[in-house]
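First comes the structure, then the notes that go with it.
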Amino acid sequence: MPSGFQVGPFFIHFYGVIAMVGVLAATWLSIREAKRWGEDPVFIADVLPWIVIAGVVGARIWHVFTPPQSMVESGITTRYYLTHLYEAVAIWKGGLGIFGAVTGGAVALWIYARIKGENALRWFDIIAPGLALGQAIGRWGNFINQEVYGLPSNVPWAIFIDKAHRLTGYKDIAYYHPLFLYESLWNLLNMTLLLWIGRKYKDKLHVGSVFLIYLIVYGVGRFGLEFLRLDISPVEGVNANQAFVAFVAVLAAILLFALQRSKSRRDKEEFRGSMLDE
């Protein structure tokens, strides 16, 4: 399977094209959501470059500190990256972590919103469905690169992996779970749920709750899918990605409960106040 195409002196990777399509789709949906929430969509266009830059930097940092097992076995460890700085920044050679991308983008959005005097949590809610959509599209870059596949499988939808892309110990096994597809579909479900909740319960949600729901749903799905993943990212013998999403999902659930409880209490107080005024 070709990984890209040549344009003059430049080689265009399909992975990069798909990633850009994901960014554009996320931007389009975020602009629509901004209008629906009564916010100025120009903010999305203004903050987008900072989110993308911070997202790429964060994604690379995450990869550097949590390289997958297959790279560790070939000598590409965190120590290697820190002693070969050119390799550490060579994103064109592959190696980006979604957790770092989301974290970096979130930090950039938070800082930019504070500088502009905007409610950062409101904007987190607005971009959450678009973020899930962008992730759903971006995962198809893994299909092109024949990476992020799961355990060997004979299910009807199992995908064929070229021998050159099979992990050590699995060279004679041709078909695997399409893990990238499972996560892509889960992200589409997450997007749909967020859009539905944002419309049906808009007046009942505390600002920031939609983004917290995104974190919970994505975290639960990714935690489960990590059990199917062959090439995990171990840190001190622990699957770093799985441990991280578990922590984030639990923390987000606690914060969601606290925020919604606070809003419920405040709504009741406002209702009592309005009754007394009458």
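We're numbering straight along the sequence, starting at 1. Values below: all heavy atoms of this structure, side chains included; hydrogens, waters and symmetry mates excluded.
- Counting only N and O atoms by type, the side chains of Arg222 and Tyr218 include a donor and acceptor under 3.5 Å apart.
- Between His84 and Tyr80, the ring-plane angle classifies as parallel under the 30° and 60° cut-offs.
- Take Ser233 and apply the side chain to side chain contact (heavy atoms under 4.5 Å, CB included) test, not counting sequence neighbours, and it matches Thr66, Pro68, Asn241.
- Heavy-atom neighbours of Lys171 NZ from other residues, nucleotides or ligands within 6.0 Å: above the threshold of 12.
- Residues Asp125 and Ser209 approach most closely at OD1-N, 3.5 Å, considering heavy atoms.
- A pairwise comparison of heavy atoms in Ile161 and Arg166 identifies O-NE, 2.7 Å as the closest pair.
- By the 4.5 Å heavy-atom criterion applied to side chains, Met71 and Tyr81 are counted as neighbours.
- With sequence neighbours excluded, the residues forming a side-chain hydrogen bond (donor to acceptor under 3.5 Å, both in side chains) with Glu118 are Trp123, listed by chain and number.
- Both Leu228 and Leu167 belong to a common hydrophobic cluster when Ile, Leu, Val, Met, Phe, Trp and Tyr are linked at side-chain heavy-atom distances under 4.5 angstrom.
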Enumerate, atom names and distances included, each donor-acceptor pair closer than 3.5 Å involving a side-chain atom of residues 188-199, sequence neighbours excluded.
{"from": "Asn190", "atom 1": "ND2", "to": "Tyr214", "atom 2": "O", "distance (Å)": "3.4"}
{"from": "Thr192", "atom 1": "OG1", "to": "Leu188", "atom 2": "O", "distance (Å)": "2.9"}
{"from": "Arg199", "atom 1": "NH1", "to": "Glu33", "atom 2": "OE2", "distance (Å)": "3.3"}
{"from": "Arg199", "atom 1": "NH1", "to": "Leu195", "atom 2": "O", "distance (Å)": "3.3"}
{"from": "Arg199", "atom 1": "NH2", "to": "Glu33", "atom 2": "OE2", "distance (Å)": "3.1"}

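- Rounding to the nearest 0.5 angstrom, the gap separating the OG1 atom in Thr168 from the CG atom in Leu230 is 11.5 Å.
- Looking at Thr27, its side chain does come within 3.5 Å of a backbone N or O of Val23 through a donor-acceptor pair.
- The structure places CG of Leu185 at 10.5 Å from CD of Glu183, a figure rounded to the nearest 0.5 Å.
- Taking all atoms of both residues into account, the shortest heavy-atom contact from Pro67 to Thr78 is CD-OG1, 3.6 Å.
- The heavy-atom pair separating Arg139 from Ile98 by the smallest distance is NH2-CG2, 4.3 Å.
- Scored by the salt bridge (charged side-chain N to carboxylate O under 4.0 Å, His left out) test, Arg229 finds Glu226 as partners (sequence neighbours excluded).
- Here the CG-CD1 distance, from Leu181 to Ile159, works out to 8.5 Å after rounding to the nearest 0.5 Å.
- The CG atom of Leu212 lies 6.0 Å from the CG atom of Leu259; values are rounded to the nearest 0.5 Å.
- If you take NE2 on His206 and CZ on Arg261, they are separated by 14.0 Å, rounding to the nearest 0.5 Å.
- When all heavy atoms are compared, the tightest approach of Gln69 to Pro234 is OE1-CG, 2.8 Å.
- Within 6.0 Å of NZ in Lys202 there are more than 12 heavy atoms belonging to other residues, nucleotides or ligands.
- Around the CZ atom of Arg36, the shell of radius 6.0 Å holds more than 12 heavy atoms that belong to other residues, nucleotides or ligands.
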Discussion item. Please evaluate residues Leu109 and Phe43 with respect to the criterion side chain to side chain contact (heavy atoms under 4.5 Å, CB included), reporting the C-alpha separation (whole Å), side-chain torsions for both, the decisive distance (0.1 Å), and the verdict.
Written reply: CA-CA 10 Å; Leu109 175 56; Phe43 179 87; 3.7 Å; yes
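- Linking ILVMFWY residues whenever their side-chain heavy atoms come closer than 4.5 Å, directly or via other members, leaves Leu225 and Phe244 in distinct clusters.
- Evaluated for a ring-ring contact (aromatic ring centres under 6.0 Å, His included) with Phe143, the options Tyr149, Phe180, Tyr182 yield exactly one hit, Phe180.
- A donor-acceptor distance shorter than 3.5 angstrom exists from the side chain of Asp40 to the backbone of Val42, with no hydrogens or angles considered.
- Using bins of under 30°, 30° to 60° and over 60° for the plane-to-plane angle, the ring pair Trp62/Phe99 lands in the perpendicular bin.
- Two residues are said to be in side-chain contact when any heavy atoms from C-beta on lie closer than 4.5 Å; Ser153 and Tyr176 fail this criterion.
- Considering every non-hydrogen atom in both Lys163 and Asp172, the closest pair reads NZ-OD1, 4.1 Å.
- No hydrogens or angles considered: a donor-acceptor pair under 3.5 Å links the side chains of Asn142 and Glu147.
- Linking ILVMFWY side-chain heavy atoms closer than 4.5 Å, directly or via other members, places Val47 and Ile31 in a single hydrophobic cluster.
- When hydrophobic clusters are built by joining Ile, Leu, Val, Met, Phe, Trp and Tyr residues whose side-chain heavy atoms come closer than 4.5 Å, directly or via intermediates, Val248 is not grouped with Ile232.
- With rounding to the nearest 0.5 Å, the separation of CG in Leu133 from OG in Ser184 is 9.0 Å.
- In the hydrophobic clustering, Tyr175 connects to Phe160, either directly or through intervening members, whenever side-chain heavy atoms lie under 4.5 Å apart.
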Exercise answer: donor-acceptor pairs, residues 48-61 side-chain atoms, under 3.5 Å, sequence neighbours excluded:
{"from": "Arg60", "atom 1": "NE", "to": "Ala88", "atom 2": "O", "distance (Å)": "2.7"}
{"from": "Arg60", "atom 1": "NH1", "to": "Gly94", "atom 2": "O", "distance (Å)": "2.7"}
{"from": "Arg60", "atom 1": "NH1", "to": "Gly95", "atom 2": "O", "distance (Å)": "2.9"}
{"from": "Arg60", "atom 1": "NH2", "to": "Glu87", "atom 2": "O", "distance (Å)": "2.7"}

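- With hydrophobic clusters built from ILVMFWY side chains whose heavy atoms lie under 4.5 angstrom apart, Ile216 shares a cluster with Ile126.
- With Arg114 contributing its side chain and Ala120 its backbone, the two residues share no donor-acceptor pair below 3.5 Å.
- At a threshold of 4.5 Å between non-hydrogen side-chain atoms, the residues Trp110 and Phe124 count as touching.
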